[in-house]
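Notes to accompany the following structure.
Only heavy atoms go into these numbers, but all of them, side chains included; no hydrogens, no water, no symmetry mates. Quick note on labels: first sequence line is chain A, next is B, and so on, each numbered from 1.
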Amino acid sequence: MQIYNTLSGKKEEFIPLHDQKVGMYACGVTVYDLCHMGHARSLIVFDVIYRYLLYKGYEVTYVRNFTDVDDKIIKRAQEKKISWKELADTFIHEFYVDMDRLQLKRPTVEPRATDYIKQIIELVKKLEANGLAYEVDGDVFYRLKEFPSYGKLSGKKIDDLLSGARIEIDDRKESPLDFALWKKSKPGEPAWESPWGQGRPGWHIECSAMSQEILGETFDIHGGGKDLVFPHHENEIAQSEGATGKPFVRYWMHNGFVNINKEKMSKSLGNFFTIRDILQKYHPETLRLFILSSHYRSPIDFSWDTMDAAGTGLTRLYQAAERLQVAVESTAALPAESAQSSLPPLSKELEAVKTSFIKAMDDDFNSALAVGQLFEAAKFINRYLDIHPLQSLNHNDLEAAFLLFKELADILGILEADPTEFLKNLGGEEALPITKEEIQELIARRNQARKEKQWTTADEIRDRLAELGIILKDSPNGTQWQRKR
RNA sequence: GGCGCCAUCGCCAAGUGGUAAGGCAGAGGUCUGCAAAACCUCCAUCCCCGGUUCGAAUCCGGGUGGCGCCUCCA
């Protein structure tokens with residue numbers, strides 16, 4: 001398996017530090033607001049990476065943190081006149097609501113910064129002892145000039161950073177690039193007792209402290225959005241390696257941005273959609289498919305047209321899944337001799353698809369290629385079921401094929417719903433304007449009319465259902481219905 | 001100013017030396033009482049110029065256009 005490592009700038013063979021065990025840390029969110037599409041992408045991308053590593057048989061410890069104390073939280077809490085703690089708790093709750101709807105697997109550990117104050121203080125003390133930190137009036141800063149390899153992740157040189165610096169000069173710092181490890185608390189702000197007085201952690205230090213505590217001094221994968229490369233991850237390296245003298249992370253992974261009209265979606269630009277905005281209009285798996293249809297490192301331009309296309313594509317996959325599932329069920333009761341069917345097995349075709357799928361994912365998690373393979377599988381399924389009459393099908397083969405199809409989709413976290421149920425709820429969560437019983441009733445009446453060749457009556461009923469957003473599909477096995485897209 | 005990324009069919013998007021995956025949309029056909037879905041067929045030579053090579057979308061050089069980071073940000 002190959003992984004693109006930001007540190008080296010190229011794909012490298014993935015070899016975990018400890019045999020089959022993988023330690024993985026993904027930067028989570030700062031809980032002061034609802035998550036937007038940019039967060040969704042990062043979360044979904046790392047969810048799939050997690051799923052795939054598990055699929056490959058690795059024993060993965062996946063850590064994703066909550067930053068529950070920082071400037072933005074304090075500010076927002078003051079605006080809302082509630083405590084910072086209350087604000088953080090609220091948005092952690094909201095975060096889970098979104099994540100569950102997006103079908104994200106829960107990480108192994110989800111630490112909160114404020115639960116690791118002790119470890120953070122210990123880490124800062126260690127850096128101080130190593131001459132890499134200094135206190136000024138209750139604040140503690142990192143002494144960058146003592147960490148010469150600074151910039152190796154983002155490809156920046158300290159001198160260039162100094163000359164192009166756009167940061168405000170704080171003349172208490174020895175160098176403009178020195179960053180805060182520990183901040184003195186102002187009255188009313190969250191505060192913990194420390195050797196430097198009442199204070200709170202700087203932003204970068206929590207990830208160093210928590211990752212080290214949970215995953216050890218050196219671990220395999222650390223990821224996040226591209227915007228975290230500098231300064232966040234660069235600073236983490238300085239902190240962790242400065243404290244331990246050991247390599248911090250072996251594979252650095254960063255996902256590209258979500259853009260709107262080619263511009264980065266971000267809080268500061270205000271051009272963002274929250275996950276909820278999107279989920280109001282689309283099924284969560286449509287969002288997953290949209291995101292996974294591009295390579296994780298490329299920028300992805302958000303548009304409603306592309307979302308619509310993803311939705312149509314997802315429906316196509318579900319249509320194939322439903323057909324196959326129905327075929328599996330219909331063949332269960334067939335006489336035993338049909339199990340001796342000499343047809344070329346469908347499952348064999350899907351095995352070939354699986355091989356390509358795995359190859360794609362092995363190549364730096366190329367989910368876009370993998371998605372293509374899923375559509376390839378759908379085509380095989382449909383064609384097979386088109387060509388061969390039901391009586392000639394082999395139940396065990398179909399079942400194996402169905403499981404294979406689901407197995408691959410599961411790596412991407414899609415096709416998790418029952419196909420028939422999914423197709424009935426295509427439009428989303430809005431209530432149907434008619435009960436399911438009434439639909440069945442109308443279908444029965446229409447089929448009676450069809451039997452009697454009362455085409456006008458039959459078509460009237462179908463048109464009436466169409467107006468209510470219900471599409472009918474006639475087949476030898478009966479009439480299925482689903483929502484209009 | 002420094003560092004870096006990208007440019008593939010109407011739209012989205014794989015492909016990093018061997019002759020352009022897949023999805024959406026579109027055209028024709030099959031199936032169907034008519035439909036829906038599905039299947040079959042068709043639909044690009046890869047921003048421009050130059051170079052390397054038997055051979056380049058893929059490598060090198062130069063343009064043009066777009067974007068990102070250097071400040072909080074997934």
Side-chain angles (χ1 to χ4, degrees), chain A residues 9 11 26-30 35-46 70-72 75 151 154-157 159-168 177 203 223-232 234 254-259 262-269 272 289-290 293-295 297-301 303 305-317 319-320 322-323 356 360 363 366-376 378-379 381-387 423 450 453-456 458-459 462-463 466 470-476 479-482 484:
Chain A
K11 287 181 196 171
C27 284
V29 295
T30 301
C35 288
H36 59 68
M37 281 290 290
H39 298 111
R41 182 176 193 190
S42 191
L43 266 350
I44 289 170
V45 160
F46 284 97
D70 101 323
D71 295 350
K72 290 191 292 285
K75 184 163 169 256
S154 53
K156 298 185 187 308
K157 298 188 194 73
D159 288 347
D160 293 342
L161 286 168
L162 280 172
S163 60
R166 290 194 272 160
I167 41 182
E168 302 167 34
L177 296 177
W203 172 38
K226 262 195 169 72
D227 46 0
L228 296 182
V229 174
F230 188 91
H232 186 54
E234 201 68 77
H254 295 96
N255 64 274
F257 299 133
V258 175
N259 293 159
K262 310 266 180 182
E263 258 191 341
K264 176 184 172 183
M265 176 186 289
S266 77
K267 290 268 168 107
S268 27
L269 288 172
F272 61 90
L289 191 61
F290 165 72
S293 292
S294 302
H295 186 90
R297 282 188 281 115
S298 311
I300 182 169
D301 208 54
S303 81
D305 284 351
T306 312
M307 281 298 294
D308 285 344
T312 311
L314 181 66
T315 305
R316 182 173 157 77
L317 294 177
Q319 299 272 20
E322 186 201 29
R323 258 189 105 177
S356 306
D363 183 13
N366 192 336
S367 61
L369 235 190
V371 164
Q373 290 309 310
L374 236 37
F375 281 103
E376 205 67 10
K379 179 178 280 188
I381 291 167
N382 283 321
R383 187 190 299 162
Y384 197 82
L385 264 23
D386 265 3
I387 295 175
L423 294 171
R450 289 174 71 214
K453 300 202 188 297
Q454 304 284 332
W455 306 126
T456 318
D459 288 351
R462 188 174 63 200
D463 292 347
I470 308 294
I471 302 272
L472 301 184
K473 296 186 291 179
D474 295 325
S475 82
T479 301
Q480 298 272 343
W481 65 271
Q482 66 185 56
K484 199 190 289 181

Who does [N] pair with, Watson-Crick or G-U, both distances under 3.5 Å?
{"N": "C3(B)", "result": "G68(B)"}
{"N": "U19(B)", "result": "none"}
{"N": "A27(B)", "result": "U41(B)"}
{"N": "C34(B)", "result": "none"}

Please list, chain by chain and in numerical order, all residues satisfying salt bridge (Lys or Arg N to Asp or Glu O under 4.0 Å) with [X], sequence neighbours excluded.
{"X": "Arg41(A)", "answer": "none"}
{"X": "Lys379(A)", "answer": "none"}
{"X": "Glu322(A)", "answer": "Lys473(A)"}
{"X": "Lys156(A)", "answer": "none"}

Donor/acceptor link under 3.5 angstrom from Asp459(A) side chain onto base of G33(B):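 Such a pair is found, so the answer is yes.
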Donor-acceptor pair present, Asp474(A) side chain and C34(B) base, under 3.5 Å: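 Per atom types, the contact qualifies.
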Nearest whole angstrom, please: distance from the [atom2] of [N] to the [atom1] of [X].
{"X": "Arg383(A)", "N": "U30(B)", "atom1": "CZ", "atom2": "C1'", "value": "15 Å"}
{"X": "Phe272(A)", "N": "C72(B)", "atom1": "CZ", "atom2": "C1'", "value": "14 Å"}
{"X": "Lys267(A)", "N": "A74(B)", "atom1": "NZ", "atom2": "P", "value": "7 Å"}
{"X": "Asp386(A)", "N": "A37(B)", "atom1": "CG", "atom2": "C1'", "value": "9 Å"}
{"X": "Leu269(A)", "N": "C67(B)", "atom1": "CG", "atom2": "C1'", "value": "13 Å"}

Lys/Arg N to Asp/Glu carboxylate O, Asp159(A) vs Lys157(A), below 4.0 Å: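 So Asp159(A) does not pair with Lys157(A) through a salt bridge.
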Short N-O contact, Arg462(A) and Asp459(A), less than 4.0 angstrom: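 So Arg462(A) pairs with Asp459(A) through a salt bridge.
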By ring pair (Phe, Tyr, Trp, His ring centres under 6.0 Å) - contacts of Phe375(A) (at least two apart):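 If we apply the ring pair (Phe, Tyr, Trp, His ring centres under 6.0 Å) test to Phe375(A), skipping adjacent residues, there are no hits.
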For a quick check of understanding: with a heavy-atom distance under 4.0 Å over all strands, which category does [X] fall into, base, sugar-phosphate or nothing?
{"X": "Lys72(A)", "value": "sugar-phosphate"}
{"X": "Gly256(A)", "value": "base"}
{"X": "Val258(A)", "value": "base"}
{"X": "Arg462(A)", "value": "base"}
{"X": "Leu228(A)", "value": "sugar-phosphate"}
{"X": "Gly38(A)", "value": "base"}

Nearest-nucleotide 5' precedence on RNA chain B, Ala458(A) against Met265(A):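 Closer to the 5' end of RNA chain B: Ala458(A).
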Comparing Pro231(A) and Ser475(A) on RNA chain B - which has the more 5′ nearest nucleotide: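 Looking at RNA chain B, the more 5' nearest nucleotide goes with Ser475(A).
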For the student: nearest non-hydrogen atoms of Cys27(A) and Leu228(A), plus distance: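 What the structure gives for the nearest pair is CB-CD1, 3.6 Å.
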Under the side-chain contact (heavy atoms from CB on, under 4.5 Å) test, residues paired with Asn382(A) that sit two or more places apart: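 Residues passing side-chain contact (heavy atoms from CB on, under 4.5 Å) with Asn382(A): Ala320(A), Arg323(A).
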Filtered N/O pairs between nucleotides 2-4 of chain B and protein, under 3.5 Å:
unit_1: G2(B); atom_1: O2'; unit_2: Asp160(A); atom_2: OD2; d: 3.2

Annotated protein contacts, base or backbone, on nucleotides 8-23 of chain B with a non-hydrogen cut-off under 4.0 Å, one of B, S, - each: ----SSSS-----BSS
With Arg297(A) via side chain to side chain donor-acceptor pair (under 3.5 Å) - residues at least two apart: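 Arg297(A) satisfies side chain to side chain donor-acceptor pair (under 3.5 Å) with Asp364(A) once adjacent residues are dropped.
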